[in-house]
Visitor: 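Structure in structure tokens, see below.
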Amino acid sequence: METKYLLSENQIPTHWYNIIPDMPGPLAPVMHPATLRPVGPQDLAAIFPMALIEQEVSSQRWVAIPEPVRDIYRLWRPTPLFRARRLEQALATPARIYYKYEGVSPAGSHKPNSAVPQAYYNKLAGTKRLATETGAGQWGSALALACRLFELECTIYMVKVSYGQKPYRKSLMQLWGAKVIPSPSRETQAGRGILAQDPDSPGSLGIAISEAVEDAATHDDTKYALGSVLNHVLLHQTVIGLEAKEQMKMAGDYPDVVIGCHGGGSNFSGLAFPFLADRAAGKKVRVLAAEPASCPSLTKGVYAFDFGDTAKMAPIAKMYTLGHDFVPPGIHAGGLRYHGASPLVSQLLAAGEIEAKAYAQNPCFEAAVLFASTEALVPAPEASHAIRAAVDEALLAKEEGKERVILFGLSGHGQLDMGAYDAYLSGHLEDFAYPEEKIRESLSKLPKVTP
Ligand SMILES: Cc1ncc(COP(=O)(O)O)c(C=O)c1O
């Protein structure tokens, strides 16, 4: 009757798993935002160090994790895998529910898994400062920490609505030495442009990315770091799923369904890709991405070439998108307010290898409160989407009278998100209507790209 499955430090993976050689078909090219032609490594060198550009396109199935990175991973990895027995009991389900908990990292989420190697490769390349965006502040705090550990400066453009909602995330970033700027800001041309059109803009990840990319592109000593979406970020996150596979073996179980919440795709992919490798080898496993109903890129977006940011400075990728200038409603799961999706996740969805479902924020918070009441941990609002999906799967198993093994990613804790819980518990949490008109308008502005 074990509750946690724990690995020892020497079982921290030595390699990341790269899904690119196992993808169903070739990857679509990535296009330059100005020329609309495929980008080469030199185009990306203005904002990324070469080691990360190489990882972005690598066709090696296994990529060695540098020892200094593993050394920092040891501060919190391997993370625990839990069997959610109390949640199972509360749901009276025949399903067996497991969750992989990434909230034990110093920043409170999975984000340091990629922040640490990104800071490391930048340090090796002689970068002095990193610029980035953050939604809820989880990625920003992870990068602030990683920059602190590798002695890099860090500038973070934080989406304005989250800057107001999550003041202590800002404090955490500052504690680790980062400069935090609410976005849209007057510091960049991109920010000034948005403010001229809409002085009250709540900001979005797409806007904050534009500001950070502009900052990096206009300063020689500065590079840009992205917390999700890109292939190399997803690669770094696969430590989650690689550990989880070992821990499921310890539990003597194998998941029928693997679930992750989806913003740009990094925690979802980190958990799911190692299981998709089994699926590619013929194993039966379903994989489900859970996203917010008010920013439903996977379930309501179109699979098309689009800009990664609002001001059209970031490369154009083929992905499920709601349009680069779509500004999602200010839900509390700030880390899920991205107009697009990872190109790898998008291709897998288009090929039918994975599924996606969208959830409104109230049912997600309801599941999060049930989870906190049974399993005791307070989930990040982003992760509550995965919990909702897992609870629904467990309730379906009960209805069908079937056993089912469910594994979901608890990507972070919510102890700095209490404003969101206050809003839910006092009945003030709004379920935004699906912003159909705004999305239609935004989708009419997709770039015309011929690959
Ligand atoms: C706890 C947590 N989970 C999930 C996400 C979504 O991002 P991604 O899709 O890259 O995992 C975020 C983003 O900030 C987050 O903070």
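Note that ligands are numbered from 1 as they come in the structure, with each ligand's atoms numbered from 1 the same way. For this chain, numbers begin at 1 and follow the sequence in order. Treat the numbers as computed from the prediction; the structure is a model and nothing was measured.
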Visitor: Just distance, no hydrogens or angles: give the donor-acceptor pairs under 3.5 Å from side chains in residues 131-139, sequence neighbours left out.
Guide:
{"residue": "T132", "atom": "OG1", "partner": "W139", "partner atom": "NE1", "Å": "2.7"}
{"residue": "T132", "atom": "OG1", "partner": "A225", "partner atom": "O", "Å": "2.5"}
{"residue": "E133", "atom": "OE1", "partner": "Y224", "partner atom": "OH", "Å": "2.7"}
{"residue": "T134", "atom": "OG1", "partner": "G137", "partner atom": "N", "Å": "3.2"}
{"residue": "T134", "atom": "OG1", "partner": "G140", "partner atom": "N", "Å": "2.9"}
{"residue": "Q138", "atom": "OE1", "partner": "S109", "partner atom": "OG", "Å": "3.3"}
{"residue": "Q138", "atom": "OE1", "partner": "R169", "partner atom": "NH2", "Å": "3.3"}

Visitor: Only distances under 3.5 Å count here; give the side-chain donor-acceptor pairs of residues 287-296 to other protein atoms, sequence neighbours excluded, each with its distance to 0.1 Å.
Guide:
{"residue": "E291", "atom": "OE1", "partner": "S297", "partner atom": "N", "Å": "3.2"}
{"residue": "E291", "atom": "OE1", "partner": "L298", "partner atom": "N", "Å": "2.9"}
{"residue": "E291", "atom": "OE2", "partner": "L298", "partner atom": "N", "Å": "3.3"}
{"residue": "E291", "atom": "OE2", "partner": "T299", "partner atom": "N", "Å": "2.8"}
{"residue": "E291", "atom": "OE2", "partner": "T299", "partner atom": "OG1", "Å": "2.5"}

Visitor: What donor-acceptor contacts under 3.5 angstrom involve side-chain atoms of residues 262-271, with partners at least two apart or in another chain?
Guide:
{"residue": "S266", "atom": "OG", "partner": "H110", "partner atom": "NE2", "Å": "3.2"}
{"residue": "N267", "atom": "ND2", "partner": "C261", "partner atom": "O", "Å": "2.9"}
{"residue": "S269", "atom": "OG", "partner": "G265", "partner atom": "O", "Å": "2.5"}

Visitor: May I ask you to check if K318 and Y303 form a cation-pi contact, with NZ or CZ under 6.0 angstrom from the six-membered ring centre and within 45° of the axis?
Guide: yes
Visitor: I'd like a table of the close N/O pairs between ligand 1 and the protein (anything under 3.5 Å), one pair per line with both atom names and the distance.
Guide:
{"residue": "ligand 1", "atom": "3 (N)", "partner": "S411", "partner atom": "OG", "Å": "2.7"}
{"residue": "ligand 1", "atom": "7 (O)", "partner": "K111", "partner atom": "NZ", "Å": "3.3"}
{"residue": "ligand 1", "atom": "9 (O)", "partner": "G263", "partner atom": "N", "Å": "2.7"}
{"residue": "ligand 1", "atom": "9 (O)", "partner": "G264", "partner atom": "N", "Å": "2.9"}
{"residue": "ligand 1", "atom": "9 (O)", "partner": "G265", "partner atom": "N", "Å": "2.8"}
{"residue": "ligand 1", "atom": "9 (O)", "partner": "S266", "partner atom": "N", "Å": "3.4"}
{"residue": "ligand 1", "atom": "10 (O)", "partner": "K111", "partner atom": "NZ", "Å": "3.0"}
{"residue": "ligand 1", "atom": "10 (O)", "partner": "S228", "partner atom": "OG", "Å": "2.5"}
{"residue": "ligand 1", "atom": "10 (O)", "partner": "S266", "partner atom": "N", "Å": "3.1"}
{"residue": "ligand 1", "atom": "10 (O)", "partner": "S266", "partner atom": "OG", "Å": "2.7"}
{"residue": "ligand 1", "atom": "11 (O)", "partner": "H110", "partner atom": "NE2", "Å": "3.0"}
{"residue": "ligand 1", "atom": "11 (O)", "partner": "S266", "partner atom": "OG", "Å": "3.2"}
{"residue": "ligand 1", "atom": "11 (O)", "partner": "N267", "partner atom": "N", "Å": "2.8"}
{"residue": "ligand 1", "atom": "11 (O)", "partner": "N267", "partner atom": "ND2", "Å": "2.8"}

Visitor: Against the six-membered ring of Y359, is R388 placed for a cation-pi contact (under 6.0 Å from the centre, within 45° of the normal)?
Guide: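 That pair does not qualify as a cation-pi contact.
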Visitor: Could you pull out the closest heavy-atom pair between S114 and H236, with the gap in Å?
Guide: OG-ND1, 2.9 Å
